[in-house]
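One structure is given below, encoded as structure tokens.
Just so you know, ligand 1 is whichever comes first in the structure, and atom 1 is the first atom listed for that ligand.
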Amino acid sequence: MEDCVFCKIIKGEIPCEKVWENENFIAFLDANPVGEGHTLVIPKQHFETLLSLDEKFSSGYIQALQEVGKVLRDKYNSEGFNVILNNGKAAGQIVEHVHFHLLPRKKGDNKRGFFIA
Ligand code: 5GP
Ligand code: ZN
């Protein structure tokens with residue numbers, strides 16, 4: 001997708017602060033974080049929503065989230081993390097390239113347990 005901002009990040013045309021990657025997924029810090037370590041995990045191929053992912057990418061996604069969760073735990077000493085996906089415009093999806101938000105959490109950090117970006 002030529003005008004997709006996340007495809008541009010994948011191609012290196014827009015810089016990002018990379019947290020983790022494998023062959024099919026990349027994780028990078030959100031440009032407008034709701035808290036320290038707010039990270040986006042995206043497939044390296046353009047799919048608009050969770051429902052349009054093909055089998056290869058849907059089956060690998062949970063494993064990618066696990067790996068990023070471990071990196072965030074080690075990097076930010078977090079005790080837990082929230083996982084959010086805004087699926088579709090009505091649900092708050094602004095960037096039309098499917099992405100999970102991961103937010104590292106600590107007990108008593110006063111962040112809401114659920115957030116919409
Ligand atoms: P959505 O509302 O679509 O679930 O969230 C999109 C997220 O992408 C927002 O949290 C926004 O800050 C983030 N974002 C949008 N453009 C960029 C960008 O160019 N770089 C990075 N790192 N994050 C972006
Ligand atoms: Zn894209």
Side-chain angles (χ1 to χ4, degrees):
M1 289 291 283
E2 279 164 27
D3 54 355
C4 171
V5 68
F6 287 176
C7 282
K8 286 182 180 166
I9 285 176
I10 292 161
K11 286 188 252 170
E13 292 170 8
I14 293 178
C16 74
E17 245 187 279
K18 191 166 62 178
V19 170
W20 174 90
E21 72 178 320
N22 71 4
E23 191 191 344
N24 296 321
F25 297 90
I26 181 167
F28 53 90
L29 294 180
D30 194 294
N32 186 22
V34 302
E36 188 186 42
H38 179 180
T39 296
L40 303 173
V41 186
I42 69 170
K44 288 184 178 176
Q45 193 175 309
H46 185 90
F47 297 97
E48 195 171 320
T49 73
L50 191 66
L51 302 185
S52 45
L53 286 169
D54 69 14
E55 199 182 323
K56 180 174 93 175
F57 283 92
S58 50
S59 64
Y61 222 154
I62 291 287
Q63 200 187 351
L65 298 179
Q66 289 176 320
E67 294 303 320
V68 178
K70 288 180 210 164
V71 171
L72 296 180
R73 179 189 61 195
D74 296 345
K75 196 168 174 186
Y76 297 102
N77 273 326
S78 54
E79 297 166 332
F81 57 92
N82 295 113
V83 180
I84 300 291
L85 184 143
N86 299 324
N87 202 66
K89 270 200 182 87
Q93 181 176 3
I94 293 166
V95 178
E96 292 178 335
H97 181 131
V98 62
H99 51 281
F100 279 95
H101 296 253
L102 265 60
L103 180 65
R105 299 294 304 274
K106 282 185 184 156
K107 213 171 170 191
D109 63 11
N110 285 329
K111 292 194 176 72
R112 292 173 62 195
F114 187 83
F115 69 99
I116 296 175

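When you scan the N, O or S atoms of His46 for the one nearest the Zn ion (ligand 2), you land on ND1. Note on His97: its N/O/S atom closest to the Zn ion (ligand 2) is ND1.
Leu40 places a side-chain heavy atom less than 4.5 Å from the side chain of His101. Contact check for Glu79 versus Asp109: no side-chain heavy atoms found under the 4.5 Å cut-off. Side-chain contact between Phe100 and Leu50 is present, with heavy atoms from C-beta onward closer than 4.5 Å. Residues Val19 and Glu17 fail the side-chain proximity criterion, which asks for heavy atoms closer than 4.5 Å. Counting only heavy atoms from C-beta outward, the side chains of Lys106 and Asn77 approach each other to under 4.5 Å.
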Just do the side chain to side chain contact (heavy atoms under 4.5 Å, CB included) check on Ile42 and Phe28 with the steps written out, would you?
CA-CA 9 Å; Ile42 69 170; Phe28 53 90; 3.6 Å; yes
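Heavy atoms of Ile9 approach ligand 1 to within less than 4.0 angstrom. Using a 4.0 Å heavy-atom cutoff, Gly92 is listed among the residues neighbouring ligand 1. In this structure, His99 counts as a contact residue of ligand 1, since one of its heavy atoms falls inside 4.0 Å of the ligand. Ligand 1 lies out of reach of Lys8, whose nearest heavy atom is not under 4.0 Å from it.
Distances below 4.0 Å separate heavy atoms of Phe28 from the following atoms of ligand 1: 21 (C), 22 (N). Near Asn86, meaning under 4.0 Å from any of its heavy atoms, are these atoms of ligand 1: 1 (P), 2 (O), 4 (O). Using a 4.0 Å cut-off to heavy atoms of Ile94, the atoms of ligand 1 that qualify are 1 (P), 2 (O), 3 (O).
Of the listed residues (Asn86, Leu85, Asn87), just one forms a side chain to side chain contact (heavy atoms under 4.5 Å, CB included) with Thr49, and that residue is Asn87.
The distance criterion of under 3.5 Å between nitrogen or oxygen atoms is not met by Leu40 with respect to ligand 1. Ligand 1 has no N or O atom lying under 3.5 Å from any N or O atom of Phe6, backbone or side chain. Checked against a 3.5 angstrom limit, the closest N/O atoms of Gln93 and ligand 1 fall outside it. In terms of polar-atom proximity, Val5 is not counted as a contact of ligand 1, lacking any N or O under 3.5 Å from an N or O of the ligand. For ligand 1, none of its N or O atoms has an N or O atom of His38 under 3.5 Å away.
Both Tyr76 and Phe81 belong to a single network of hydrophobic side chains, linked directly or stepwise wherever heavy atoms of I, L, V, M, F, W or Y lie under 4.5 Å apart.
Between the SG atom of Cys7 and the SG atom of Cys4, the angle centred on the Zn ion (ligand 2) amounts to 120° when rounded to 10°.
Under 4.0 Å from ligand 1, heavy atoms of Ala31 appear from its side chain as well as its backbone. Neither the backbone nor the side chain of Glu17 comes within 4.0 Å of ligand 1, counting heavy atoms alone.
Counting non-hydrogen atoms of neighbouring residues, nucleotides and ligands closer than 6.0 angstrom, the CD atom of Glu55 reaches no more than 12 such neighbours.
Ion pair Glu96/Lys89 flagged as a salt bridge, since at least one NZ, NE, NH1 or NH2 atom sits closer than 4.0 Å to an Asp/Glu carboxylate oxygen.
Using cut-offs of 30° and 60° on the angle between ring planes, the pair His99 and Phe6 is perpendicular.
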